[in-house]
Amino acid sequence: MDTGQQLYLPAPDEEEEKKLQEKQSDIPSFILSHEDEIIQYIKDKATRETLKSLAPLLEKLEEAVKQQQVNNSASVINPSAINYEEQLKHMHDVSKEKIKAKELKIAEKLIKIQSRITNINR
């Protein structure tokens with residue numbers, strides 16, 4: 001569709017150029033005058049986006065903490081989860097009782113044997 005004609009755009013007026021330059025110069029002055037507000041807006045936006053991306057991770061972390069608390073409370077309630085020192089002491093006491101019981105049986109048998117030997121010797 002090339003007809004050989006070129007489209008000519010009208011040259012911008014001097015007034016339009018001045019308005020455009022004023023707008024362009026107003027933009028930096030607007031930015032400078034509202035710099036703190038712009039920075040705060042960017043910070044808020046970045047914080048919201050960060051929290052959105054971290055929300056699933058935070059939920060998983062909260063679930064893990066709850067699960068850990070449940071596990072810890074279950075192990076505290078569970079009497080079989082006595083600490084090592086208490087288990088060791090308990091086992092030591094039980095073995096002492098067993099040894100005493102065996103010593104008593106042996107002493108009784110020894111007394112019986114001695115009485116038989118004395119009866120035989122008579």
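The structure presented is a predicted model; accordingly, all values stated were derived computationally and were not measured.
Contact of the Q68 side chain with the N72 side chain is registered, since non-hydrogen atoms from C-beta on lie closer than 4.5 Å. Counting heavy atoms from C-beta on, the side chains of K96 and H92 come closer than 4.5 Å.
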Q114 and L110: side chain to side chain contact (heavy atoms under 4.5 Å, CB included), yes or no, with the steps? CA-CA 6 Å; Q114 285 176 346; L110 188 59; 4.1 Å; yes

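Applying the salt bridge (charged side-chain N to carboxylate O under 4.0 Å, His left out) test to every pair with at least one member in residues 45-68, sequence neighbours left out, gives these pairs: E49-K52. Contacts classified as ring-ring contact (aromatic ring centres under 6.0 Å, His included) and involving residues 32-69 (residues at least two apart or in different chains) are given here: F30-H34.
Here CG of L61 is found 11.0 Å from CG of L54. Values are rounded to the nearest 0.5 Å. Interatomic distance, CD1 of I38 versus OG of S33, reported as 7.5 Å (0.5 Å rounding).
The ring pair (Phe, Tyr, Trp, His ring centres under 6.0 Å) check on H90 picks up nothing, with sequence neighbours excluded. Partners of V65 by side chain to side chain contact (heavy atoms under 4.5 Å, CB included), not counting sequence neighbours, listed by chain and number: Q69. With sequence neighbours left out, D44 forms a side chain to side chain donor-acceptor pair (under 3.5 Å) with Q40. Taking E37 as the reference, nothing meets the side chain to side chain donor-acceptor pair (under 3.5 Å) condition, with sequence neighbours excluded. Looking at residues two or more places apart in sequence or on another chain, you find a side chain to side chain contact (heavy atoms under 4.5 Å, CB included) between I99 and E103. Listed by chain and residue number, E35, K43 satisfy the side chain to side chain contact (heavy atoms under 4.5 Å, CB included) test with I39 (two or more places apart in sequence, or in another chain).
Residue I117 shares its hydrophobic cluster (ILVMFWY side chains chained together at separations under 4.5 Å) with I113.
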